[in-house]
There are 2 protein chains.
Amino acid sequence: MAASNSRKKISESTIHRLSLYYRVLSVLEKENHQTVSSRELAKREKLTPAQVRKDLSFFGSFGTRGLGYPVSELKKQIGDILGLNRLWNVALIGVGNIGSALVGYKEFLRQGFRIRVIFDNDQRKIGSNHKGIKVSDIRNLERDLRENNIEIVVIAVPATVAQYIVDDVVHAGIKAILNFAPVNLKVPSDVFLRNENMSMELEYLSFALSNLQNGRGTIKKEVS
Amino acid sequence: MAASNSRKKISESTIHRLSLYYRVLSVLEKENHQTVSSRELAKREKLTPAQVRKDLSFFGSFGTRGLGYPVSELKKQIGDILGLNRLWNVALIGVGNIGSALVGYKEFLRQGFRIRVIFDNDQRKIGSNHKGIKVSDIRNLERDLRENNIEIVVIAVPATVAQYIVDDVVHAGIKAILNFAPVNLKVPSDVFLRNENMSMELEYLSFALSNLQNGRGTIKKEVS
DNA sequence: TAGCATTTGTGAATGAATTCACAATCGTTA
DNA sequence: TAACGATTGTGAATTCATTCACAAATGCTA
Ligand SMILES: NC(=O)c1ccc[n+]([C@@H]2O[C@H](COP(=O)([O-])OP(=O)(O)OC[C@H]3O[C@@H](n4cnc5c(N)ncnc54)[C@H](O)[C@@H]3O)[C@@H](O)[C@H]2O)c1
Ligand SMILES: NC(=O)c1ccc[n+]([C@@H]2O[C@H](COP(=O)([O-])OP(=O)(O)OC[C@H]3O[C@@H](n4cnc5c(N)ncnc54)[C@H](O)[C@@H]3O)[C@@H](O)[C@H]2O)c1
């Protein structure tokens with residue numbers, strides 16, 4: 001068989017759904033299910049079976065017709081696709097409200113994201129211990145990122161300084177950044193930047209309560 | 001002119017982008033800009049001018065041809081659409097890592113989201129003060145939600161108990177819920193539920209680093 | 001081993017979101 | 001007040017995402 005290589009564009013939504021499948025498969029594995037159908041998988045995340053099958057089909061064929069997907073095997077496969085079957089070295093910058101919460105979140109480590117260094121510029125915080133991690137001085141950013149082989153940086157500093165910090169982070173060679181500051185950061189095109197915008201979902205709820213109370217999913221519009 | 005009423009479906013992405021426009025307009029207002037073009041507005045959030053104009057056109061025509069949009073006026077209009085020109089009474093359930101971070105976040109209040117009550121079931125936390133708010137006993141959930149006219153509830157409890165909590169919240173008549181627990185919660189169809197899934201964006205970065213390093217936005221797929 | 005009930009994998013069809021492209025309209029200037 | 005550069009608002013075209021629908025496989029049973 002003459003194997004050839006094709007490239008397919010995978011949408012962001014598909015990747016996000018893979019995260020959901022992965023989560024469900026972890027639960028199913030704990031519940032000792034051997035196999036799972038696209039129908040069951042879909043039901044558990046309020047999706048359609050066709051959606052599940054299409055998403056998975058972008059990456060291969062993991063199921064057995066008439067039976068479904070092998071739970072553990074599929075979990076491993078999706079883990080491979082998402083890069084979760086390994087440990088990622090993560091750094092956090094800004095040990096304030098949200099930064100502390102993230103450091104204290106054990107689930108991240110369980111998923112393979114190990115927060116190895118945390119930075120701040122507050123002298124009262126530098127040197128102190130947060131859940132076993134000593135707070136580094138932001139002035140040693142580049143050195144400490146390199147020494148700890150950091151691959152992913154989480155930004156949890158005030159919006160006003162976020163761009164400066166990101167510039168330094170990029171300069172240090174980091175290619176993946178998760179930003180919690182409510183600001184649109186500029187990074188070179190070879191750096192992956194994702195934003196976590198909590199206000200957005202609150203504002204969506206506000207919109208929903210204001211507009212969608214009756215007549216779901218629609219708004220009134222005056223037309224003359 | 002015989003005015004009639006039409007209903008148009010507004011997509012979730014459009015609403016999310018309105019949040020971004022609102023954010024930019026707040027900055028522009030502080031910078032004392034009088035007007036802003038769709039081009040400038042787009043540039044500040046890495047979108048296209050056509051996208052901006054189309055989004056706004058769903059709700060009316062706010063601009064002036066040849067000039068652009070009046071900054072303060074447009075901000076007010078979007079605020080009206082999103083329901084941000086008022087105060088929302090919010091309750092938070094689960095004063096742990098992430099719950100404490102949210103309570104300490106002043107920006108929410110500035111946007112009109114006032115956390116009025118916080119609940120926990122931990123006796124050591126109940127009664128204690130968090131940023132001026134006394135922690136309520138989860139056993140008084142229904143009473144305290146009603147007494148404080150709560151309209152939006154934020155769930156920040158462990159995933160294992162989230163569904164039970166949400167059932168009680170729904171029973172108390174709440175119609176809008178923001179959930180931080182990594183689990184797909186079941187709510188009646190007249191309740192708005194939004195999920196904040198931080199792992200998802202980390203996993204997206206993990207995927208990106210694993211697959212997109214060279215050949216942006218694509219994956220290799222074996223074809224025989 | 002044949003027949004049946006299931007469920008996958010995937011092209012084709014449909015539906016939704018984005019972008020294009022341009023007429024309409026404004027402010028400005030001479 | 002006429003001509004011009006700028007920019008909106010919006011149908012139409014296009015691109016992208018989801019759903020449909022069914023042939024191809026599989027396990028199971030008798
Ligand atoms: N707290 C929340 O729930 C929440 C929610 C959504 C978004 N955010 C965003 O996350 C960011 C942090 O919010 P927060 O509430 O944790 O704020 P915070 O003030 O509690 O924490 C910010 C931390 O960053 C540190 N810092 C400031 N300048 C720095 C610099 N130059 N270098 C290194 N560290 C520096 C501060 O010392 C502080 O420890 C903000 O951008 C905020 O808008 C927070
Ligand atoms: N910490 C993070 O950065 C983070 C990030 C993403 C998601 N989350 C999710 O947010 C939720 C909370 O995470 P956390 O790190 O804050 O956990 P946590 O254990 O620090 O806090 C949970 C809080 O909920 C309270 N609680 C437990 N059961 C309760 C009940 N029945 N009624 C009322 N209160 C109850 C606990 O007493 C505790 O104060 C979890 O579902 C977690 O997966 C957390």
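A, B, ... follow the sequence lines: proteins, then strands. Residue 1 opens every chain.
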Taking salt bridge (charged side-chain N to carboxylate O under 4.0 Å, His left out) as the cut-off, I'd like each qualifying pair that reaches into residues 13-35 of chain B, sequence neighbours left out, listed once. B:R17-B:D55, B:R23-B:E45, B:E29-B:K75, B:E31-B:R44
So if I take every side-chain heavy atom of A:K54 and compare against D:dT10, C:dG11, C:dG9, which nucleotide ends up nearest? C:dG11
Roughly, in whole Å, what's the span from CZ in A:F62 to C1' in C:dT8? 13 Å
Choosing from C:dT19, D:dT19, C:dA17, which nucleotide comes nearest the side chain of A:Q51? D:dT19
Separation of C:dA24 atom C1' from B:L67 atom CG, nearest Å, is 15 Å
Give the rounded distance in Å between these two atoms: CG of A:L56 and P of D:dT19. 15 Å
Contact list for DNA chain D against residues 36-47 of chain B - heavy-atom distance below 4.0 Å: B:S37, B:S38
Judged by nearest nucleotide, the residue sitting upstream toward the 5' end of DNA chain D, B:G68 or A:D55, is B:G68
Separation of A:K9 atom NZ from D:dA17 atom P, in whole Å? 8 Å
Whole-Å distance between D:dG11 P and B:R53 CZ? 14 Å
Side-chain contact test, heavy atoms from C-beta onward, threshold under 4.5 Å: evaluate it for A:N184 versus B:K46 and give yes or no. yes
Name all residues meeting the salt bridge (Lys or Arg N to Asp or Glu O under 4.0 Å) criterion together with B:K186; count only those two or more places apart in sequence or in a different chain, and write none if there are none. none
Contact under 4.0 Å: B:Y69 side-chain N or O vs D:dG9 OP1/OP2: yes
note: A:Q34, atom CD; D:dG27, atom C1'; distance rounded to Å ~ 15 Å
Going by heavy atoms in the side chains, are A:P70 and A:F62 under 4.5 Å from each other? no
Measure the distance from CD1 on A:I10 to C1' on D:dC16 and round it to the nearest whole Å. 13 Å
Got a sec: does the CZ of A:R194 have more than 12 other heavy atoms crowding it under 6.0 Å? yes
Within the structure, does a side-chain N or O atom of A:R17 lie under 4.0 Å from either OP1 or OP2 of D:dT18? yes
Atom CD of A:E12 and atom P of C:dA17: how far apart are they, to the nearest Å? 15 Å
One thing to verify: whether B:E107 and B:R110 come together as a salt bridge, which I'm taking to mean a side-chain N less than 4.0 angstrom from a carboxylate O. yes
Of the candidate nucleotides C:dA12, C:dT18, D:dG9, which contains the atom at the shortest distance from the side chain of B:S13? C:dT18
Around atom CD of B:Q34, are there more than 12 heavy atoms of other residues, nucleotides or ligands at under 6.0 Å? no
What about B:R65, does its side chain sit under 3.5 Å from the base of D:dT8 through a donor-acceptor pair? yes
